[in-house]
Amino acid sequence: MRIEERLRAAVARAVGAEHRETDPLLRPAAQTSFGDFQANLAMGLAKRVGAKPRDLATRIVAALEPEGLFSKVDVAGPGFINLTVDDRALAEAAARLGSDPRLGVEPVPVPMRVVVDYSAPNVAKEMLVHHLRSTVIGDAIARVLAFIGHEVIRQNHIGDWGTQFGMLLEYLDEHPELRSGGRLEIGDLNAFYQEAKRRFDQDEDFARRSRARVVELQAGEVHSVASWQQLVDASLAHFEAIYARLDVLLEPEDIRAESAYNDSLPQVIDALADVGLLEESEGARVVYPEGFKGKDGEPFPVIVRKSDGGYLYATTDLAAARFRVEKLRADRVIYLSDARQSDHFAMVFQIVRQAGWAPERIRWDHVPFGSVLGPDRRPFKTREGGTVRLAEVLDEAQHRARRVIEEKNPSLPAAEADEVARAVGIGAIKYSDLSSDRVKDYVFDWDRMLSLEGNTAPYLINAYVRVRSIFRKLEREFEAPIDAPIQITDPAERALLLHLVEFSRVVHLVADTLEPHRLCTYLYELAARLHRFYERCPVMRAPEPAVRESRLALSGLVGRTLERGLDLLGIRVVSRM
RNA sequence: GCGCCCGUAGCUCAGCUGGAUAGAGCGCCGGACUUCGAAUCCGUAGGUCGUAGGUUCGAAUCCUACCGGGCGCGCCA
């Protein structure tokens, strides 16, 4: 559908070519009685060109060429332009989508090189349920940006360095029995971290040795580095296993851990000194980013080097920022992390700007998200009050999905049921994380996320399965596009088509806002319209072959859109369930 | 104390960057199956959009102040 182009052309003719780039603010109509779409630009533009909104809307409509696209155009209220699309144009637009592997989603005119920093679990800690958010949301954003043509560079900024390793290495030395054959088991490491932490908190001498140990490690002392490497290796194997289960795109080569920046940390300090930003405070090297105030209204210091000479995560983030600009040649850098780190990233970005380390055109985005809460609206914990292991959550998701599937379709062979349980269970977890506004805390609820009703992965996958089922019954190839003209015989078909042609706009909207839940809402509405369509428009029992082919083509298009949409969210489909 | 985020139906959430009469799902109540998978659909009821001002043709959306909740504030990450 070239509706926007028509509107822009009309605006240019009505008020001058310089307004061609004005966003027509084209949206689906607020009510079906108004038409199919509405353009809301006249009210805003009127002010800028000194016209009355309704007059301007009328002029734009007069300049609009409706041929072959609109069956009805009118002005309503203060200056809404209501558009009704011609049935034939709509059908032809859908047919074009059907033969387009990109489903109408056009690549961006100017591709950018975008670094997406996400997941970032910590070495020597098992992945926990809250790591899910960064991983799942980041992966979806990376997929969407890549799909619309950007060059995406994924970066997994794993926490493999820092003060806590002194304590871990000390504890490891105290307990050589934790190593079997020179290897460590990650299952042990979870408790191992807790124990080490307890020692550190309770034993001052242990704490002192731990701090000294960090310095040793950072100085490259051989024994410490070897122990550290064991911790890292054991952890990486665990992360890889989780990523594989989650169908996350992250690969080992996307890992650029904190330690990768070790050698450049002194350069960060030097570079800060070079631009005159480095200052001293109580023995530490600090930077005072503009616009940040501390408790007494004083400038707020970001410590980049401790009084003992050690570096902190702000230093590492600054080094990573420089690396992404200089070596990765990023046009845009996106950080997926907890909303609680908003201040930290705001300060890091500000320092990068003040230091002049990045051209102004580079965009820096912190994409924050809220916490995972239990049903009691408190941070999600086990019944015993402990942290929730991600691996256990995934196990339970699959078990629960398996039970639902067995109940609904006992005839499914066991092996296939397992595969379906995996797709549905993992999909449900990911979808529940993606489907609401990411900045809000979200309530983790098994029954809701695995429900076959409502805005859930099972509901969407089921809609897809229904499409596949019809293709199977008719012994038609789902992958091969049905090359039949689309006929509109019912309002439900029309409603479905109008939604299908919106796919491209929604995908781009997600890329602009970095809010995957908008795609979820779209897909949910698509599935709902599909079900309404099936209710009223039988495919196999269609009145005549041409109508049947039309409906089959439409079904296939919806199926492919669901599949693609879910893929952009990192969620698998199955053909039967 | 300062700063950031969030308050929308009983519950869980949308509301497309300021548009028309605020929408879903669950739950409640009532309908539709010799099914293309009812794993679905249709309908009823349910709202001072936290409160009060302001901005304007128009505010759930922007601004200000308050109220509630969450989080963050110098050598952890």
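The chains referred to below are lettered A, B, ... by the order of the sequence lines, with proteins before strands, and numbering in each begins at 1. The structure displayed is predicted, hence computed values, not measured ones.
- Electrostatic pairing of A/R402 and A/E406 counts as a salt bridge here, judged by a charged N lying under 4.0 Å from a carboxylate O.
- For B/rC76, neither phosphate oxygen OP1 nor OP2 lies less than 4.0 angstrom from any side-chain nitrogen or oxygen of A/R211.
- Residue A/V465 is in base contact, counting any heavy-atom pair closer than 4.0 Å across all strands shown.
- Annotation: of the two residues near RNA chain B, A/G162 and A/L26, the 5′-most nearest-nucleotide partner is A/L26.
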Side-chain donor-acceptor distances from residues 459-467 of chain A under 3.5 Å, at least two apart:
unit_1	atom_1	unit_2	atom_2	d
A/Y459	OH	A/H531	ND1	3.0
A/Y464	OH	A/R468	NH1	2.8
A/Y464	OH	A/E563	OE1	3.3

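- Ion pairing between a basic and an acidic side chain is recognised when a charged N comes within 4.0 Å of a carboxylate O; A/R494 and A/D36 show such pairing.
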With both pairing distances under 3.5 angstrom for Watson-Crick or G-U wobble, and | for a partner in another strand, the correct string for RNA chain B is (((((((..((((.....[...))))..((((.......))))......(((((..]....))))))))))))....
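- Within the nucleic acid shown, A/R377 comes within 4.0 Å of sugar-phosphate atoms alone, with no base atom in reach, counting heavy atoms only.
- Of the C1' atoms belonging to B/rA59 and B/rC41, the separation is 36 Å, rounded to the nearest Å.
- Among the atoms of the strands shown, none is found under 4.0 Å from any heavy atom of A/A339.
- Aromatic ring orientation, A/F444 versus A/W446: perpendicular (interplanar angle above 60°, classes split at 30° and 60°).
- Nucleotides of RNA chain B nearest to A/R518 and A/D338 differ in position, and the one nearer the 5' end is that of A/R518.
- Counting non-hydrogen atoms under 4.0 angstrom, A/V443 reaches the backbone sugars and phosphates but no base.
- Candidate nucleotides B/rC76, B/rC16, B/rG70 were compared by shortest atom distance to the side chain of A/R378, and B/rG70 ranks first.
- Each of B/rC16, B/rC75, B/rC41 was ranked by its minimum atom distance to the side chain of A/E282; first place goes to B/rC75.
- Nucleotides B/rC62 and B/rG18, compared at atom P, are 7 Å apart to the nearest Å.
- Taking atom OH on A/Y442 and atom P on B/rU12, their separation rounds to 15 Å, with Å as the unit.
- To the nearest angstrom, P of B/rC5 lies 10 Å from CG of A/D343.
- Residue A/K293 has no polar side-chain atom (N or O) positioned under 4.0 Å from OP1 or OP2 of B/rC73.
- Contact check of residues 301-313 of chain A against RNA chain B (heavy atom, cut-off under 4.0 Å) returns A/P301, A/I303, A/K306, A/S307, A/L312, A/Y313.
- In this structure, A/N409 reaches the bases: a heavy-atom distance under 4.0 Å links it to at least one base atom across the strands shown.
- Here the C1' atom of nucleotide B/rA77 and the CE atom of A/M347 are 13 Å apart, to the nearest Å.
- Using a 4.5 Å cut-off on side-chain heavy atoms (C-beta onward), A/E515 and A/R438 make contact.
- For A/H499 and A/Y522, the ring centers are positioned less than 6.0 Å apart.
- B/rC28 and B/rA20: their P atoms are spaced 33 Å apart (whole Å).
- Between A/H517 and B/rG15, a side-chain N or O to OP1/OP2 separation shorter than 4.0 Å is present.
- If you check every strand for non-hydrogen atoms under 4.0 Å, A/F300 touches sugar and phosphate atoms only.
- With respect to A/R536 and A/E493, no salt bridge is recorded, no charged nitrogen being found less than 4.0 Å from a carboxylate O.
- On the C1' atoms, B/rA77 is 26 Å away from B/rG69, given to the nearest whole Å.
- In this structure, A/W364 and A/Y335 have parallel ring planes: the angle between them is below the 30° cut-off, well short of the 60° mark.
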A/R403 and A/E407: salt bridge (Lys or Arg N to Asp or Glu O under 4.0 Å), yes or no, with the steps? CA-CA 6 Å; A/R403 281 209 297 278; A/E407 187 188 326; over 6 Å; no
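- In this structure, A/E525 reaches neither bases nor backbone, as no heavy-atom distance under 4.0 Å exists between it and the strands shown.
- The shortest distance between the side-chain N/O atoms of A/R532 and the OP1/OP2 oxygens of B/rC42 is below 4.0 Å.
- Taking A/H344 as the reference, A/Y313, A/D317 meet the side-chain hydrogen bond (donor to acceptor under 3.5 Å, both in side chains) condition, with sequence neighbours excluded.
- When the side-chain nitrogen and oxygen atoms of A/K125 are compared with OP1 and OP2 of B/rA77, none of them lie within a distance under 4.0 Å.
- The two atoms that bring A/F206 and A/A196 nearest to each other are CE2-O, 3.8 Å, heavy atoms only.
- You'll find that the side chain of A/R466 is closest to B/rU40, out of B/rU40, B/rC5, B/rG70.
- Counting to the nearest Å, the C1' atom of B/rA14 and the NZ atom of A/K440 are 8 Å from each other.
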At under 4.0 Å between heavy atoms, how does the protein contact nucleotides 18-27 of chain B? Give one character per nucleotide, 5' to 3', with B, S or -. -BBB--SSS-
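- Under the side-chain contact (heavy atoms from CB on, under 4.5 Å) criterion, A/A346 pairs with A/F292, sequence neighbours left out.
- In this structure, A/D317 atom CG and B/rC75 atom C1' are separated by 16 Å, rounded to whole Å.
- Within 4.0 Å of A/T513, counting heavy atoms only, lies at least one base atom of the nucleic acid.
- A salt bridge links A/D447 with A/R400: at least one charged nitrogen is closer than 4.0 Å to a carboxylate oxygen.
- The side chain of A/E535 lies closest to B/rU40, out of B/rA14, B/rG70, B/rU40.
- Relative to the side chain of A/Y459, the nucleotides B/rC41, B/rC13, B/rA77 differ in distance, and B/rC41 lies closest.
- Residue A/R340 contributes atom CZ, which lies 13 Å from atom C1' of B/rC4 at whole-angstrom precision.
- Put simply, A/T521 has no side-chain N or O that comes within less than 4.0 Å of OP1 or OP2 on B/rA14.
- Using P as the reference atom, B/rG19 and B/rU12 are 27 Å apart when rounded to the nearest Å.
- In terms of heavy atoms, A/R54 sits closest to A/G77 at NH1-O, 2.7 Å.
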